[in-house]
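Computed from a predicted structure; not experimentally measured.
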Amino acid sequence: MSTSLEFKYRIIYESLSRFSSTLSRSMTLEEVRSCLQRQVKYLFDYQLIRFCFYQQEYVIVCSLTPVGSQIQSGGLDLMWAYEQQLLMDYVPVITEDQALISENIRQLSLQLPCTPSELWGWNNVFSADSGIIVSVYSGLDRQFQATDVPVLKITLENLYAKLLSIQLIDELGKSKKEIEQALLGVQEKNAVIARLVATQDEIIRSRTQELEEKNTKLLQLSRQHAHIIREPLTRILSLTYMVEILPADEVVTEILPLLVTTSTDLDTALQQVIKSIDSELGYPG
C-alpha cells in the first residue's frame, strides 16, 4: 500500500472517529444538523447530499451543501419525487440526467456553488418500516466516487442509530406528557369526588344529628303527653267492663252515651298531642 493511500485512509479513519464522537453527543435534530455540516465534508466530496430518515410515515430530511445546511421533520411530502420512488421500489439511482437533477435542485432553498452533474441515490433499509434514503449530487470540482460508498454506509449507520434514538426519546416524551395529562385529569376528578363525598358526609352527619334530636324530642313528648291520652282511655276501658256486667237495657241507655262522649274526648286528646308534636318538631300543621 502506497504512502499516499495510507495517509488517505488515516485521514478518513480520524474523520470518521470525530464524526462518530460528535454525533453521539448530539441530543437534538439541530445538533445533528450542525454535526453533519461540520464533519461530513471531511469524509467524501459532494455538492449536495440529502439524508432522508423515514420511519413509517414520519420523515426527517437533512440537506447539506459545502456552505449551508437545513433539517426538517414531518411527513412523506418532504421527500422529492425520485426519493419517494426509491422508498417504493428500492432501485438505486446513478444518473447524469440534467433534467432530473435541475428539477430537484429547484426545490432546494440552499445555495450551490455550481450545478451538479451527477446524482447517486440509495434506499438503505435498516428495519421493516425504517431506513435512510441518501442522495449525493456531485460535480467535477466535488466528485463523489464509488470508493466513497463504504465510508458513506458507515456514516448512514451512525446517523440512522442517532436519529432513531432521538425519535424514540421524542415519542417517550410525548407518551410521558400524555400520561401526566391523564394523571392530572384523574387527580382533578378525584378532587371533585372527594369534595362530593365530603359534602355528602356532612349532609348525612347533619341529617343523622337532626333525626337523633327529633327522636329524643319524640321520647320526651310521649312521656309528657301520656297522661292526656291515658285518662279518656282508662274511662273507655272501665265502660267496656261495665258492658259485660250490666243488663242490656242499661248498657244502651247509660253506657253507650258515655262511650261516645269518652271516645270523643280521646280523639280530642290525640289531636292535641299530634299538634303539640308537630309544633315541637317543626312540621307544618
Under a single-linkage definition using a 4.5 Å side-chain heavy-atom cutoff for Ile, Leu, Val, Met, Phe, Trp and Tyr, are [X] and [Y] assigned to the same hydrophobic cluster?
X: L172; Y: M27; answer: no
X: I169; Y: L163; answer: no
X: I94; Y: F51; answer: yes
X: I132; Y: I154; answer: yes

Quick one, P66 and K41 - any side-chain contact, counting heavy atoms below 4.5 Å?
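In short, these two side chains do not touch, never coming nearer than 4.5 Å.
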Taking only residues two or more places apart in sequence, or in another chain, which ones meet [X] in a side-chain hydrogen bond (donor to acceptor under 3.5 Å, both in side chains)?
X: E157; result: none
X: E231; result: R235
X: Q111; result: none
X: T268; result: none

Shortest non-hydrogen contact from Q70 to S109?
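Minimum heavy-atom contact is OE1-OG, 2.8 Å.
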How far apart are the closest heavy atoms of Q47 and C114, and which atoms are they?
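Residues Q47 and C114, closest heavy atoms: NE2-SG, 2.9 Å.
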Start with the C-alpha distance between I204 and T208, add both sets of side-chain angles, then the distance that settles side chain to side chain contact (heavy atoms under 4.5 Å, CB included), and finish with yes or no.
CA-CA 6 Å; I204 293 173; T208 301; 3.9 Å; yes
Given 3.5 Å as the limit, does a donor-acceptor pair link the side chain of [X] with the main chain of [Y], or not?
X: S34; Y: E30; result: no
X: T95; Y: D97; result: yes
X: T240; Y: L237; result: yes
X: S24; Y: S21; result: yes

Is it the case that over 12 heavy atoms from other parts of the model lie below 6.0 angstrom from the CG atom of L140?
no
For E202, I'd like to know if atom CD has over 12 heavy atoms of other residues, nucleotides or ligands within 6.0 Å.
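Yes.
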Test side chain to side chain contact (heavy atoms under 4.5 Å, CB included) on S138 and F44; report intermediate values, then the result.
CA-CA 10 Å; S138 69; F44 44 79; over 6 Å; no
L112: which other cluster members, linking ILVMFWY side chains closer than 4.5 Å, directly or transitively?
L48, Y54, V59, V61, L76, L78, M79, W80, Y82, L86, L87, Y90, V93, L100, I101, I105, L108, L110, L119, V125, I133, Y137
Do the two ring centres, one from Y46 and one from F144, sit under 6.0 Å apart?
no
[X] [atom1] to [Y] [atom2] distance, which is reported to the nearest 0.5 Å:
X: S135; Y: N123; atom1: OG; atom2: CG; result: 10.0 Å
X: L64; Y: S69; atom1: CG; atom2: OG; result: 6.0 Å
X: S20; Y: R25; atom1: OG; atom2: CZ; result: 10.0 Å
X: S63; Y: Q72; atom1: OG; atom2: CD; result: 7.0 Å
X: R18; Y: C35; atom1: CZ; atom2: SG; result: 11.0 Å
X: E31; Y: I71; atom1: CD; atom2: CD1; result: 11.0 Å

Full working for side chain to side chain contact (heavy atoms under 4.5 Å, CB included) between C62 and R50:
CA-CA 6 Å; C62 184; R50 278 171 58 88; over 6 Å; no
Mind running side-chain hydrogen bond (donor to acceptor under 3.5 Å, both in side chains) on T199 and R195 for me, showing each step along the way?
CA-CA 6 Å; T199 301; R195 289 195 296 270; over 6 Å; no
Taking only residues two or more places apart in sequence or in another chain, which ones pass side-chain contact (heavy atoms from CB on, under 4.5 Å) with Q55?
F53, S130, L164, Q167, E171
Let me know which of V32, L159, L29, I166 forms a side-chain contact (heavy atoms from CB on, under 4.5 Å) with I60.
L29
Check the pair Q143 / D45 against side-chain hydrogen bond (donor to acceptor under 3.5 Å, both in side chains), numbers first and verdict last.
CA-CA 6 Å; Q143 189 170 16; D45 287 327; over 6 Å; no
Passes side-chain hydrogen bond (donor to acceptor under 3.5 Å, both in side chains), R205 versus Q209? Steps please.
CA-CA 6 Å; R205 188 196 63 77; Q209 183 178 354; 3.1 Å; yes
Audit row: S117, E96, side-chain hydrogen bond (donor to acceptor under 3.5 Å, both in side chains) steps and yes/no:
CA-CA 6 Å; S117 59; E96 295 180 357; over 6 Å; no
Evaluate the criterion side chain to side chain contact (heavy atoms under 4.5 Å, CB included) for residue pair Y160 and N124; output intermediate values, then yes/no.
CA-CA 10 Å; Y160 172 81; N124 299 267; over 6 Å; no
